[in-house]
Protein chains: 2
Amino acid sequence: MAEFNVDEIKEFQSRSLVEVIFRQMEGMILAGNFQPGERINESRIAALLGVSRAPIREALRLLASSGILEVRANRGMFVRDIQPREVDELYDIRGALDALAGERAAALFREDQRPRLERWMGEMAVHVEAKDVGGYYRANINFHTAIVEIAGNENLLAMYEGICKRMSLFRQASLSLPGQLGVSLQKHRKIADAITANDPAKAGNLLRHHTLEAKKTLLRAIKGKKTT
Amino acid sequence: MAEFNVDEIKEFQSRSLVEVIFRQMEGMILAGNFQPGERINESRIAALLGVSRAPIREALRLLASSGILEVRANRGMFVRDIQPREVDELYDIRGALDALAGERAAALFREDQRPRLERWMGEMAVHVEAKDVGGYYRANINFHTAIVEIAGNENLLAMYEGICKRMSLFRQASLSLPGQLGVSLQKHRKIADAITANDPAKAGNLLRHHTLEAKKTLLRAIKGKKTT
DNA sequence: AAAATGTAAACTGTCGACAGTTTACAACGG
DNA sequence: CCGTTGTAAACTGTCGACAGTTTACATTTT
């Protein structure tokens, strides 16, 4: 565990305390400040944030229900250690949601939304050029999330983001990326084109296929390396 | 609000208190003991269950994150009042998950799982005969849930059940059922056959189409009646 | 009579403390 | 030297109480 960004904590007034704590903790866990498997010490966090344990516990329970933490009775909350088996499951779900999002996005797309897609296409290209795997990973997620946003289904967006967050807890999440960098760009180009051409069926199928491929590549990379 | 089933509360030992409260409250809300829009009074529930407010609050926060309750700052938790707009969203998501589940279930199906599907097929038939809309609604959900279980993806199952629970909060959820009763049985027969024949593509397509149809029927029924 | 204002009750948000369990560790026995 | 047992520290789970906000109601004003 590591330093706290106490700045945001001060914005008491509007948001409720547990929401602020929730966001703060989520950010820190996803940023890697806590290791998977590590226990979260309620008292310590309460002391660091200068609040009592009650709101901390409520926030942690929220993180547990979103799949980022794990509750063990009388032992506390632990950062979840996502296993390949679960990544497999999550990828399948993400694929189904991606396909739905692609269909709806293609159906609803309007020209003024084009920059929201092209922005991330551009960023991905830059990161491929620079061989910046981390940057590419983020731009890639942002691209897909933009599609879900355009799909205009708030519940879908919430679930999608939840799945992405959980998957990012998987230690070797970006293991398969290096090999994909080149091919990936062209696939995303086609996806963006199908959406901007208002072709739901095509966008849906491309996305379904794309996510399935990504999953296979990752799982193959894991079995190849066995780095744990 | 109404009576409490205090029986289950006694099983302290194994499960944690907030889990018991969570299940208890969830059951009561879904059973209709609380009206959509109604406020949940923490103190009253704490008194009724004979515990303090702390575990109650943690359980309620969980229910809020699962979409059953709504948090309003400094005003408390309210039973969510699901609107047609959101049912529309949830149906689309459920459709995508149904299709995925159908594909995976058809791929993984083994003969010894047949009774799990046929049981609910039988129940649906009985309820159609008796024109018992409520019973049919439950058997129908159980049938689809059985498919998701056979798909063998625990995360998918959790999400699926979450969506079904939220949809059941929609007041006119069963509005469209009466008209469907007859046709529906044959459709489900085909779905079950595709799964037991290990035909993923067919099962997936049938389910996708089926859910879409159900959504259209319901939304049409709502607009027709406008009963709110 | 309707609107505005002020006040008390009700309720949520947060806190500090205690009870019960788990964990870490030292003393003991093989 | 290794395993066992017992004890203390650490931590979670729960509680009762208080502070601050919202809500309901009675009073006043137009």
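Quantities reported herein were computed from a predicted structural model and do not represent experimental measurements.
Between the CG atom of B/Leu49 and the C1' atom of D/dC15 there is a distance of 15 Å, rounded to whole Å. If you measure from atom CG of B/Leu17 to atom P of D/dG13, you get 11 Å, rounded to the nearest angstrom. As rounded to whole Å, 12 Å separates atom C1' of C/dT14 from atom CD of B/Glu42. In this structure, A/Arg39 places its CZ atom 8 Å from C1' of D/dA10, rounding to the nearest Å. Rounded to whole Å, atom C1' of D/dT12 lies 13 Å from atom CD1 of A/Ile45. Atoms CE (A/Met77) and P (D/dA10) sit 22 Å apart, rounded to a whole Å. Put simply, CD1 on B/Ile21 is 11 Å from C1' on D/dG13, counting in whole angstrom units. Remark: P of C/dC11 and CD1 of B/Ile40 are 13 Å apart, rounded to the nearest angstrom.
Under a 3.5 Å cut-off, the side chain of B/Gln113 and the backbone N or O of B/Arg110 do form a donor-acceptor pair.
None of A/Asn153, A/Val148, A/Leu156 except one satisfies the side-chain contact (heavy atoms from CB on, under 4.5 Å) rule with A/Leu97; the exception is A/Leu156. Under the side-chain contact (heavy atoms from CB on, under 4.5 Å) test applied with A/Trp120, the options A/Thr145, A/Asn142, A/Ile147, A/Ile141 reduce to a single match, A/Asn142.
Under the side chain to side chain donor-acceptor pair (under 3.5 Å) criterion, B/Arg138 pairs with no residue at all, not counting sequence neighbours.
A salt bridge links A/Asp92 and A/Lys215; the closest N-O separation between the charged side-chain nitrogens and carboxylate oxygens is under 4.0 Å. A salt bridge links B/Glu89 and B/Arg85; the closest N-O separation between the charged side-chain nitrogens and carboxylate oxygens is under 4.0 Å.
Minimum interatomic distance between B/Leu207 and B/Gly102 (heavy atoms only, all atoms of both residues): CD1-CA, 3.4 Å.
If you check residues 53-62 of chain B against DNA chain C, the residues with a heavy atom closer than 4.0 Å are B/Arg53, B/Arg57, listed by number.
The aromatic rings of B/His210 and B/His144 sit parallel, their planes meeting at an angle under 30°, below the 60° perpendicular limit.
A heavy-atom distance below 4.5 Å is not found between the side chains of B/Ile82 and B/Met167.
The shortest distance between the side-chain N/O atoms of A/Arg75 and the OP1/OP2 oxygens of C/dT23 is below 4.0 Å. Note on B/Asn74: every side-chain N or O is 4.0 Å or more away from OP1 and OP2 of C/dT12.
Helix-axis bend for the helix from C/dA1-D/dT30 to C/dG30-D/dC1: the local axis fitted to the five terminal pairs at one end deviates from that at the other end by 10°, rounded to 10°.
The side chain of B/Ser52 lies closest to D/dT14 when the candidates are C/dG13, D/dT14, C/dC15.
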